[in-house]
Amino acid sequence: MSESLLQTLAAFERHLRSERGRSEHTTRAYLGDLRGLLRFLQDECGMTDLADVGLRELRAWLAAQAESGAARSTIARRSAAARTFLGWATRTGRIAQDPSLRLAAPKRAGHLPEVLRQGDATALMDLAAVASDDQDPMHLRDRAAVELLYASGIRVGELTALDVDGLDLAGGVVRVMGKGGKERTVPFGAPAREAVEAWLALGRPQVVVAGSGPALLLGRRGRRADPRQIRAAVHELLSHLPDAPDLGPHGLRHSAATHLLEGGADLRLVQELLGHASLATTQIYTHVSVDRLKASYRQAHPRA
């Protein structure tokens with residue numbers, strides 16, 4: 001890749017981090033997508049200057065990915081990365097015109113997320129509570145993690161980023177920093193509060209070290225727990241529930257949203273709790289609920 005393209009990509013990375021406030025995950029994904037685009041333009045189209053890029057080359061790039069078997073969701077994300085990058089390049093005077101204005105991406109497949117039945121969610125929490133009876137600090141931490149994930153519907157990255165003072169145990173609310181650096185306050189119930197209190201009283205003191213800082217959840221060596229550790233814990237607990245789907249932390253978020261709507265919660269309230277920028281993102285959970293309703297109808301109605 002030419003030195004000028006590398007410099008442009010580095011400037012765009014600074015823009016994503018400092019001006020747009022994108023998460024580390026989003027920034028890393030966009031940069032990987034754009035490196036792939038720039039390599040394609042150079043190797044397949046012989047282009048080393050962004051000013052030479054047109055709609056034809058961008059469409060050829062997306063077509064090549066489709067032919068290689070990339071999922072529609074992946075192609076849609078890469079198309080979005082290209083539009084964001086080239087729009088920025090136009091605004092900052094690096095190119096005269098944005099060639100991506102008419103670049104269309106395939107619509108994402110409308111897959112419904114898998115969720116736990118309410119009985120399975122209860123069984124999962126009971127299982128985590130029983131496992132923590134031995135007062136092993138990691139079992140206490142894992143119980144606090146699954147209770148908070150399901151009670152609040154927060155993302156696993158938001159959970160592991162929590163500090164101790166981010167929770168108001170008496171008030172039953174937690175402050176989380178969501179996507180785009182947006183802070184929101186989310187309630188949680190008595191079972192989650194009890195699990196967190198047990199972790200803070202009996203588990204965290206066993207592993208905390210001088211370098212632990214204010215992190216709420218810690219690993220066995222006293223460092224801040226990372227999403228992979230929590231993901232592994234959720235999978236391990238669910239493996240003991242044979243009839244439950246094998247979900248990760250995001251599945252608990254899906255389950256929380258679905259169960260809230262099934263219980264009569266307002267859709268906009270659920271949107272606010274989950275931190276969705278668009279109501280359309282939250283509406284998928286209404287489809288999950290309707291899908292369950294139809295399944296129950298087919299199973300129970302004599303003329304279904």
Side-chain angles (χ1 to χ4, degrees), residues 23-25 114-178 186-256 259:
S23 69
E24 181 64 31
H25 175 78
E114 276 197 299
V115 296
L116 295 175
R117 294 186 295 270
Q118 292 189 32
D120 288 335
T122 299
L124 176 65
M125 303 305 142
D126 290 344
L127 185 64
V130 170
S132 70
D133 283 343
D134 62 3
Q135 296 190 7
D136 180 285
M138 295 301 95
H139 293 165
L140 289 161
R141 181 204 67 186
D142 294 345
R143 180 193 173 200
V146 296
E147 283 281 8
L148 275 175
L149 286 168
Y150 177 61
S152 64
I154 61 176
R155 302 175 178 92
V156 66
E158 294 169 344
L159 174 72
T160 54
L162 282 176
D163 291 337
V164 174
D165 63 1
L167 277 84
D168 177 359
L169 291 174
V173 293
V174 57
R175 290 193 319 277
V176 295
M177 189 65 68
V186 185
F188 57 86
R193 182 177 67 246
E194 292 167 7
V196 172
E197 287 174 342
W199 157 247
L200 291 175
L202 304 173
R204 194 175 186 276
Q206 294 187 58
V207 294
V208 68
V209 296
S212 297
L216 174 66
L217 300 182
L218 304 174
R220 197 172 289 277
R221 296 183 180 179
R223 301 189 187 96
R224 183 184 292 273
D226 64 46
R228 288 174 299 176
Q229 293 171 311
I230 304 304
R231 193 170 292 114
V234 173
H235 284 298
E236 170 62 23
L237 286 167
L238 280 171
S239 70
H240 297 286
L241 297 177
D243 295 330
D246 183 23
L247 306 177
H250 214 67
L252 296 184
R253 175 174 163 86
H254 291 319
S255 301
H259 297 165

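For the single chain, residues carry numbers from 1 onward in sequence order.
Minimum interatomic distance between Val156 and Arg231 (heavy atoms only, all atoms of both residues): CG1-NH2, 3.8 Å. When all heavy atoms are compared, the tightest approach of Gly222 to Ser212 is O-OG, 2.6 Å. Heavy-atom minimum distance, Arg224 versus Leu162: NH1-O, 3.0 Å. The minimum heavy-atom distance linking Leu167 with Val196 is given by the pair CD2-CG1, 3.9 Å. Across all non-hydrogen atoms, the minimal contact from Ala151 to Phe188 is CB-CB, 3.9 Å. Contact between His259 and Ala121 at its shortest, heavy atoms only, is CE1-CB, 4.2 Å.
The closest side-chain heavy-atom distance from Leu216 to Thr160 is not below 4.5 Å. A 4.5 Å side-chain heavy-atom check between Glu114 and His254 finds every atom pair outside the cut-off. Counting heavy atoms from C-beta outward, Arg141 and Gln229 have side chains that approach closer than 4.5 Å. Inter-residue side-chain proximity for Arg204 and Val164 is flagged as met; some heavy-atom pair is nearer than 4.5 Å. Considering only heavy atoms from C-beta on, Trp199 comes within 4.5 Å of Leu218 through its side chain. Annotation: side chain of Leu252 is in contact with side chain of Leu116 (closest heavy-atom distance under 4.5 Å). In this structure, Pro137 and Arg220 have side chains that are in contact, with non-hydrogen atoms separated by less than 4.5 Å. Side-chain contact check for Ser239 versus Asp246: every heavy-atom pair is 4.5 Å or farther apart.
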Check against side-chain contact (heavy atoms from CB on, under 4.5 Å), Val146 and Met125: CA-CA 7 Å; Val146 296; Met125 303 305 142; 4.0 Å; yes
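Of the inter-residue distances, the one linking Asp163 atom CG with Met177 atom CE reads 10.5 Å to the nearest 0.5 angstrom. From Ser132, atom OG reaches atom CZ of Arg143 across 4.5 Å, with rounding to the nearest 0.5 Å. For the atom pair CG of Leu217 and CD1 of Ile230, the computed distance is 5.5 Å after rounding to the nearest 0.5 Å. Here the straight-line distance linking atom CG of Leu124 with atom CG of Leu238 works out to 5.0 Å at 0.5 Å rounding. In this structure, Leu200 CG and Leu169 CG are separated by 6.5 Å, a value rounded to the nearest 0.5 Å. Here the CD atom belonging to Glu147 is positioned 10.0 Å from the CG atom belonging to Leu149, to the nearest 0.5 angstrom.
Side chains of Glu236 and His240: a donor-acceptor N/O pair is present below 3.5 angstrom, by distance only.
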